[in-house]
Number of protein chains: 2
Amino acid sequence: MATDVLDATFAALADPTRRAILARLKEGEATVTELAAPFAMSQPGISKHLRVLERAGLISRGRDAQRRPCRLETAPLRDAMDWLANYRSYWEESYQRLDALLGELDHDGPDAAERETP
Amino acid sequence: MATDVLDATFAALADPTRRAILARLKEGEATVTELAAPFAMSQPGISKHLRVLERAGLISRGRDAQRRPCRLETAPLRDAMDWLANYRSYWEESYQRLDALLGELDHDGPDAAERETP
DNA sequence: CGGTTTTATAACCAGTTGGTTTTCTACCGT
DNA sequence: ACGGTAGAAAACCAACTGGTTATAAAACCG
């Protein structure tokens, strides 16, 4: 998993407009003007965002006369999730420790193991 | 899940130095100089990266005399994974469709249902 | 052909980012 | 009290971002 791929992916995801565009593309292909409609932004503004998404591999574009329909590409999203998944065990481990602590408190009260002379 | 939280999280993750710092912190707490050691970068450079990570909630810092040990905080990583997980069904669906298509080909050949006058 | 629609490109601007060097503060050990 | 160590803060810089307007290119429609 090349670092600059993750760089581009995370950077592309760090903008709410671009995340909204991706969310819209989950519903299916869309043209640039369709994608631009919900936003109070100029068309070239949207085109710039689309170029960022395209260079990150998050969308691909076809041809339909004048239109350039965009479609979602999920491969980089999976790479990003794979990277994040490396941390899943870490936070689940925290839960396990918390669970164990709570269980111990419930049973014996705090520091039951360390107590010696009651 | 507030959008500016995801903004800050993804933006923080979009830098290889910062991702390497997080990876190091999986092994446990570390001081600034410990974190800086592997990089060909000035100490203030690392401090700047740490501030970005801290403002994104990805690390927290304690006190140990002059040292400010950093520890990993996973909550924003979970939020990021939650957001990405919304796309998991999409790419799995693609696999399902591919699976279905391959199964159909194997059984009846393509377009078996549409055939009428052989 | 001429006009309209769809998209891309260019040039520009303000603000942010990633890095530097220099300096400052706070704490430790002797 | 004093010198050394850990880290932060400030000032600066080049490069990149996110937005704009204006213009151009490509393909349709009549």
Side-chain angles (χ1 to χ4, degrees), chain A residues 3-25 28-73 76, chain B residues 3-25 28-73 76:
Chain A
T3 120
D4 42 336
V5 170
L6 282 178
D7 286 8
T9 304
F10 282 130
L13 294 180
D15 181 281
T17 303
R18 287 194 291 262
R19 288 198 307 276
I21 289 174
L22 293 180
R24 163 64 183 79
L25 288 177
E29 292 197 356
T31 67
V32 176
T33 36
E34 281 166 357
L35 290 172
F39 301 100
M41 193 185 300
S42 64
Q43 169 261 315
I46 298 293
S47 277
K48 274 191 162 190
H49 282 302
L50 291 176
R51 204 180 46 166
V52 172
L53 290 169
E54 189 176 21
R55 305 197 74 214
L58 284 162
I59 65 173
S60 61
R61 336 190 57 170
R63 228 330 130 83
D64 169 29
Q66 314 111 333
R67 266 137 284 166
R68 304 291 313 275
C70 302
R71 101 181 344 256
L72 182 59
E73 295 292 336
Chain B
T3 119
D4 43 336
V5 170
L6 282 177
D7 287 6
T9 304
F10 282 130
L13 295 180
D15 182 282
T17 303
R18 287 193 292 260
R19 287 198 306 276
I21 288 174
L22 293 181
R24 164 61 185 80
L25 288 177
E29 291 197 355
T31 67
V32 175
T33 35
E34 281 166 357
L35 289 172
F39 301 101
M41 193 184 301
S42 63
Q43 168 260 314
I46 298 292
S47 278
K48 275 191 162 192
H49 282 302
L50 291 176
R51 206 180 45 165
V52 172
L53 290 169
E54 189 176 22
R55 303 198 75 213
L58 284 161
I59 66 172
S60 61
R61 336 190 59 169
R63 224 336 124 85
D64 169 28
Q66 314 110 334
R67 267 138 281 165
R68 306 291 315 276
C70 302
R71 101 185 337 259
L72 182 59
E73 295 291 336

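Just so we're on the same page: letters track the sequence lines, and every chain starts at 1.
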Student check: side-chain heavy atoms of [X] and [Y] closer than 4.5 Å:
X: B/Ile21; Y: B/Phe39; value: yes
X: A/Asp64; Y: A/Thr31; value: no
X: A/Thr33; Y: A/Gln43; value: no

Residue [X], side-chain atoms from C-beta onward, closest of [options]:
X: B/Ser47; options: D/dA27, D/dG7, D/dG18; value: D/dG7
X: B/Arg68; options: D/dC28, D/dT21, D/dA8; value: D/dA8
X: A/Ser42; options: D/dT20, C/dG19, D/dT5; value: D/dT20
X: A/Asp15; options: D/dA6, D/dA8, D/dG18; value: D/dG18
X: B/Thr33; options: C/dT6, D/dA6, C/dG19; value: D/dA6
X: A/Met41; options: D/dG18, D/dG19, C/dG18; value: D/dG19
X: A/Pro44; options: D/dT21, C/dT5, D/dG18; value: D/dT21

Atom-pair distance ([atom1] on [X]; [atom2] on [N]), nearest Å:
X: B/Glu34; N: D/dT5; atom1: CD; atom2: P; result: 16 Å
X: A/Ile59; N: C/dT7; atom1: CD1; atom2: P; result: 12 Å
X: A/Arg63; N: C/dT7; atom1: CZ; atom2: C1'; result: 8 Å
X: A/Ile21; N: C/dT7; atom1: CD1; atom2: P; result: 13 Å
X: A/Arg51; N: C/dT7; atom1: CZ; atom2: C1'; result: 13 Å
X: A/Arg67; N: C/dT5; atom1: CZ; atom2: P; result: 12 Å
X: B/Leu50; N: C/dT17; atom1: CG; atom2: C1'; result: 16 Å
X: B/Ile46; N: D/dA9; atom1: CD1; atom2: P; result: 16 Å

B/Arg71 side chain to B/Ser60 backbone, donor-acceptor under 3.5 Å:
no
Any donor-acceptor pair under 3.5 Å linking the side chain of B/Arg18 with the backbone of B/Ala12?
yes
Phosphate OP1/OP2 of D/dG7 contacted by B/Arg61 side-chain N/O (<4.0 Å):
no
Can you tell me if the side-chain N/O atoms of A/His49 get under 4.0 Å from OP1 or OP2 in D/dG19?
yes
Closer to the 5' end of DNA chain D via nearest nucleotide, is it B/Lys48 or A/Gln43?
B/Lys48
